[in-house]
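Below is one structure; the comments refer to it alone.
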Amino acid sequence: GAAAFFLFRVLDAHQFAADHGRLINIPLQLPVLAAARFTENLGVLRPVFCAAYAVIPAVGLAVSWLVCRSRRPSLFIWPAVSICLVGLPGQFSFHSEAIIAVTLLWPALLTVLIGAPATVLPLVAIASIAAACSHPYAAVVLALIVFVAIVSAIVRPDSRKASLLFALGLGTLLLARTFARLDPYESHAFGVV
């Protein structure tokens, strides 16, 4: 499939295959490029390549759990069901940047809803930035999370400042993702002429 083609391109050219400005592929392809310096054995390189992409759902779940565990562990069921069950048919296509975006934005949504320990916020920020760098579709999910953060600030005055600060940070990512130039393929796919 497409993942095999990405692996072939990375190994053939010895450079990243980050088509359409999908920068998330650079850190995910770095392990296989590093391993390729030491071996040309495809039996070694293929699992290295696959592992980097296959770990994304686990990262999304792990950061979501860190957000939920101390405040509302029962809410962890939502990202778990979304990532492990609802998105299962698409999860077999680990290299899909749209799925990566949704998976990595679950921690941000949970943080807006219930807050997060200060020690977890850097992980939520890294996951959110990675999601914004993955696919233009991340803008839709970011817009939803910013909207939820603003509503949360209105409804819960006790956490208003934190909600608005989080909305500001995610809003910045939303603007960056929204105004990122689309290449002709993406413009056509999104119906933007």
Do you know the tightest heavy-atom contact between [X] and [Y]?
X      : Y      : answer
Pro31  : Leu28  : CD-O, 3.5 Å
Thr178 : Ala139 : OG1-CB, 4.0 Å
Ala131 : Ala138 : O-CB, 3.4 Å

Does any N or O in the side chain of Arg177 come within less than 3.5 Å of the main-chain N or O of Ala132, such that one atom is a donor and the other an acceptor? yes
From [atom1] ([X]) to [atom2] ([Y]), nearest 0.5 Å:
X      : Y      : atom1 : atom2 : result
Leu105 : Leu173 : CG    : CG    : 8.5 Å
Gln29  : Leu11  : CD    : CG    : 9.5 Å
Leu104 : Ile126 : CG    : CD1   : 11.0 Å
Leu165 : Leu170 : CG    : CG    : 11.0 Å
Thr111 : Trp106 : OG1   : CH2   : 12.0 Å
Cys133 : Ile100 : SG    : CD1   : 11.5 Å

Through direct or indirect side-chain contacts below 4.5 angstrom among Ile, Leu, Val, Met, Phe, Trp and Tyr, which residues connect to Phe179? Leu175
State yes or no: do [X] and [Y] share one hydrophobic cluster built from I, L, V, M, F, W and Y residues joined by side-chain heavy-atom distances below 4.5 Å, directly or via other members?
X      : Y      : answer
Phe166 : Leu168 : no
Tyr53  : Phe8   : no
Ile26  : Phe49  : yes
Leu164 : Ile114 : no

Among all residues two or more places apart in sequence or in another chain, which pass the side chain to side chain donor-acceptor pair (under 3.5 Å) test with Ser134? none
In chain order, what residues pass the side chain to side chain contact (heavy atoms under 4.5 Å, CB included) check against Leu61, with sequence neighbours excluded? Phe76, Ala80, Ile83, Cys84
Residues in side chain to side chain contact (heavy atoms under 4.5 Å, CB included) with Ser70, at least two apart? Pro117
Run the side-chain donor-acceptor check on residues 146-158: report pairs under 3.5 Å with partners two or more places apart or on a different chain.
from, atom 1, to, atom 2, distance (Å)
Ser152, OG, Arg156, NE, 3.3
Ser152, OG, Arg156, NH2, 2.8
Ser152, OG, Ser163, OG, 3.3
Arg156, NH1, Leu113, O, 2.6
Arg156, NH2, Val112, O, 3.1
Arg156, NH2, Leu113, O, 3.2

Salt bridge (charged side-chain N to carboxylate O under 4.0 Å, His left out) partners for Arg9, two or more places apart: Asp19
By ring-ring contact (aromatic ring centres under 6.0 Å, His included), which residues pair with Trp78, not counting sequence neighbours? none
Results of ring-ring contact (aromatic ring centres under 6.0 Å, His included) for Phe16 - residues two or more places apart only: none
Atom pairs and distances, donor-acceptor, side-chain atoms in residues 32-48, under 3.5 Å, two or more places apart:
from, atom 1, to, atom 2, distance (Å)
Thr39, OG1, Asn41, N, 3.0
Asn41, OD1, Gly43, N, 2.7

Would you say that Pro107 contacts Leu123 through its side chain, given a criterion of any heavy-atom pair below 4.5 Å between the two side chains? no
